[in-house]
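Notes follow once the structure below has been shown.
Chain letters run A, B, ... following the sequence lines, proteins first and then strands; every chain starts at 1.
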Amino acid sequence: MNNRDIAAAFDEVADLLEFQNANPFRVRAYRNAARRIGDFPEPLAAYVDDPERNLTELDGIGKDLAEKIAELATTGKLTMLEELRAQIPSGVMALLRIPGLGPKKAAALHKELGILSLDMLRAACQADEVQSLKGFGAKTQEKILAGIDFAAHADERMLWAEADEIAQQLLAHMRKLRGVRQIEMAGSYRRGKETIGDLDLLVDAKDADAVMDHLAKFEAGATVIGRGETKLSIRLARGLQIDLRVVAAESFGAALQYFTGSKDHNVILRSMAKDRGLKVNEYGVFRGDKRVAGETEESVYASVGLPYIAPELREDHGEIEAAQAGRLPDLLELRQMRADLHAHSTWSDGHASIREMAEAARAQGLKVLAITDHSQSLGVARGLTPQRLREQRKEIQRVQRALGDSILILQGAEVEIRADGQIDYEDDVLAQLDVVIASAHTSLRQPREKITARLVGAVRHPGVHFIGHPSGRLIPEREPADIDMEALFAEAARHGVALEIDSHPSRLDLSDAHARRAAEVGCLLAVNTDAHSPEEFALREYGVGVARRAWLTPAQVITAWPRARLVAWLQKRKKART
DNA sequence: GCCGTTTTCGGCCCGACTGTTTTCAGTCG
């Protein structure tokens, strides 16, 4: 049983306990543990087997949870979870997805009316049975009925890039209003998470009503979910919820810190403040009734003795400890990116010529571009034969002469790691290339051992520079291939082969957790776009976001290296090949 | 269920909003 399975089991325990109205702190202990386990870089099963180590060394894992982890890791089952499942029908848990229905109300519906599913609940609402329950009324029944269809897809999250599009429109809309002094997006969007559940918007303005009225006009099909004196929630027609808070200037930093989260990060921050006799809320930092900080986020962190912590790090993944120790990483920034080593042209499945791609890359401020079209066996992408590869080289040289020294254009290839593990070009063909990406696009459903062996074999192949989309998830709806990432990282670190962070936001390829782990064991990383058109170079922003969440510094990301250093690195690996 | 120079019990972040209440519980973030 892997970490993800163990985490899922604990999350389910938390859901079920919550439903049973258990001690909320006990529920939180399970949730905390689930999150920690899910993020934990090493397989916990190995921890269980190691007599030298004890699971209780991990933060938030005590005697009880350690035993349950051991049970899951060794037997694949958890007795407690099975008992809980037996007590609560699974359909009842679906009720919790209805907005406004929490464990208490869901339990009442189950207990008083025998509701076992969303369908039964719909019928009960239509028969006016719900509004007669104690604690329920006509309005609640109405809201439940409206929320049932929504519940079916309530846990769907939007990709960051899709949310970004809406966020930019939203900011533009709000900035048109006079009297808006400061405006920022907060929440998971600001933290740059892979997926976004809703958008949080923070505005500094005097007239809160005017701001709320203006947001309500953002989209014709939007519905108002709730409105108070300083807070408005709306839901767009396409399902996305937007939460607005209006605050005063002296509270803006505190509110921004608070609404950026994450929740777990804030819980720690607030408890640290409490230890110092301070209270932190969205209005500021207070000692007694006296406000001591809050205008800026920096002032909030400073009040508890911490340096500013970048939003991407605020996940309770050790950033507080690192900040205390003065060891926060010097995070990669978009403006530091100098190269893109993975781009396609019309020579294979790209949509633009080499010259168009090079000019677009240059316009984005890049100093190095590698044209890496597909290799011969990938017929669907019109992969290049060695002969066409030679012709392409001449074309690249022509474009290079035309563009001069402003950008260095390298010839590379995205070479297929075939189903049998063979690399798709002979060594003498590889030797002609400046950059070699090895990627697997086919037979991604192979058994774990086999597909891992393919990738590890590519890492060992002399002269491969990096592995393209290493987790094997090319299509967002698909699960990533079942790859032993630990083994892949270890081998990549040993051979000095880099791993690619694909900036294409629809791919969710190398997760931030994986990227961080890879860097921890000494792998180099490359933030690339895999651009098929000039516009896609702009997607680097997303890849840089992944790198930031992975705590990566410019030194660990080869595409942020100065041109001379990058070229030297590429040549060194090329030499290793011959 | 975890944690501890406030350590074996009693804490565990904090506030807005809603709907159903007659002063507050439940939900949400």
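- Checked for salt-bridge contact, A:Arg235 and A:Asp198 miss the test: no charged N lies under 4.0 Å from a carboxylate O.
- The listed nucleotides are B:dT20, B:dG29, B:dG1; the one nearest the side chain of A:Thr140 is B:dT20.
- Salt bridge status for A:Glu297 with A:Arg190: present, with a side-chain N to carboxylate O gap under 4.0 Å.
- Note on A:Arg26: a side-chain N or O is less than 4.0 Å away from OP1 or OP2 of B:dG1.
- As judged by a 4.0 angstrom heavy-atom cut-off over every strand, A:Asn32 is placed among residues making no nucleic acid contact.
- In this structure, A:Asn266 reaches neither bases nor backbone, as no heavy-atom distance under 4.0 Å exists between it and the strands shown.
- Near DNA chain B, meaning a heavy atom under 4.0 Å away, the residues from residues 280-298 of chain A are A:Val280, A:Asn281, A:Glu282, A:Tyr283.
- In this structure, A:Ala138 reaches the sugar-phosphate backbone alone: every heavy-atom distance under 4.0 Å involves primed, P, OP1 or OP2 atoms, never a base.
- Regarding contacts with the backbone of B:dC12, every side-chain N or O of A:Ser271 stays at 4.0 angstrom or more from both OP1 and OP2.
- Between A:Lys134 atom NZ and B:dT21 atom C1' there is a gap of 11 Å when expressed in whole angstrom units.
- Scanning for side-chain hydrogen bond (donor to acceptor under 3.5 Å, both in side chains) contacts around A:Glu194 gives an empty result, with sequence neighbours left out.
- In this model, the phosphate group of B:dC13 is approached by a side-chain N or O of A:Arg28 to a distance below 4.0 Å at OP1 or OP2.
- The six-membered or imidazole ring of A:His214 lies near that of A:His173, with a centre-to-centre distance under 6.0 Å.
- By the side-chain hydrogen bond (donor to acceptor under 3.5 Å, both in side chains) test, A:Thr74 pairs with no residue at all, sequence neighbours left out.
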Between the protein and nucleotides 22-26 of chain B, list every N/O to N/O distance that falls short of 3.5 Å.
| from | atom 1 | to | atom 2 | distance (Å) |
| --- | --- | --- | --- | --- |
| B:dG26 | OP2 | A:Lys104 | NZ | 3.4 |

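- For the salt bridge (charged side-chain N to carboxylate O under 4.0 Å, His left out) criterion with A:Arg548, the lone passing option out of A:Glu541, A:Glu312, A:Glu319, A:Glu315 is A:Glu312.
- For A:Phe10, the ring-ring contact (aromatic ring centres under 6.0 Å, His included) partners are A:Tyr30, not counting sequence neighbours.
- As judged by a 4.0 angstrom heavy-atom cut-off over every strand, A:Lys279 is placed among residues touching the sugar-phosphate backbone only.
- At B:dG11, none of the side-chain N or O atoms of A:Lys274 fall inside 4.0 Å of OP1 or OP2 (strictly under the cut-off).
- Legend: residues meeting side-chain hydrogen bond (donor to acceptor under 3.5 Å, both in side chains) with A:Arg4, ordered by chain and number and at least two apart, are absent.
- Residue contacts for A:Thr230: at a heavy-atom cut-off of 4.0 Å it reaches the sugar-phosphate backbone alone, with no base atom in range.
- If you find the closest nucleotide of DNA chain B to A:Lys139 and to A:Lys231, the one lying nearer the 5' end belongs to A:Lys231.
- Backbone-only engagement by A:Tyr30 is indicated by non-hydrogen atom pairs under 4.0 Å involving sugar-phosphate atoms exclusively.
- Rounded to the nearest Å, the gap between the C1' atom of B:dG10 and that of B:dG15 is 24 Å.
- The CG-C1' distance, from A:Leu65 to B:dC3, rounds to 13 Å in whole Å.
- Using N1 to N3 plus N6-O4 or O6-N4 for Watson-Crick, or N1-O2 and O6-N3 for G-U wobble, each under 3.5 Å, B:dT8 pairs with nothing.
- Residue-level contact check: A:Ile268 touches neither bases nor backbone, having no heavy atom under 4.0 Å from any strand.
- Nucleotides B:dG29 and B:dC13 are separated by 12 Å at their C1' atoms, to the nearest Å.
- Within 4.0 Å (heavy atoms only), A:Lys263 reaches at least one base atom of the nucleic acid.
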Evaluate side chain to side chain contact (heavy atoms under 4.5 Å, CB included) for A:Arg245 paired with A:Thr230, printing each intermediate quantity in order.
CA-CA 6 Å; A:Arg245 265 310 260 280; A:Thr230 62; 3.6 Å; yes
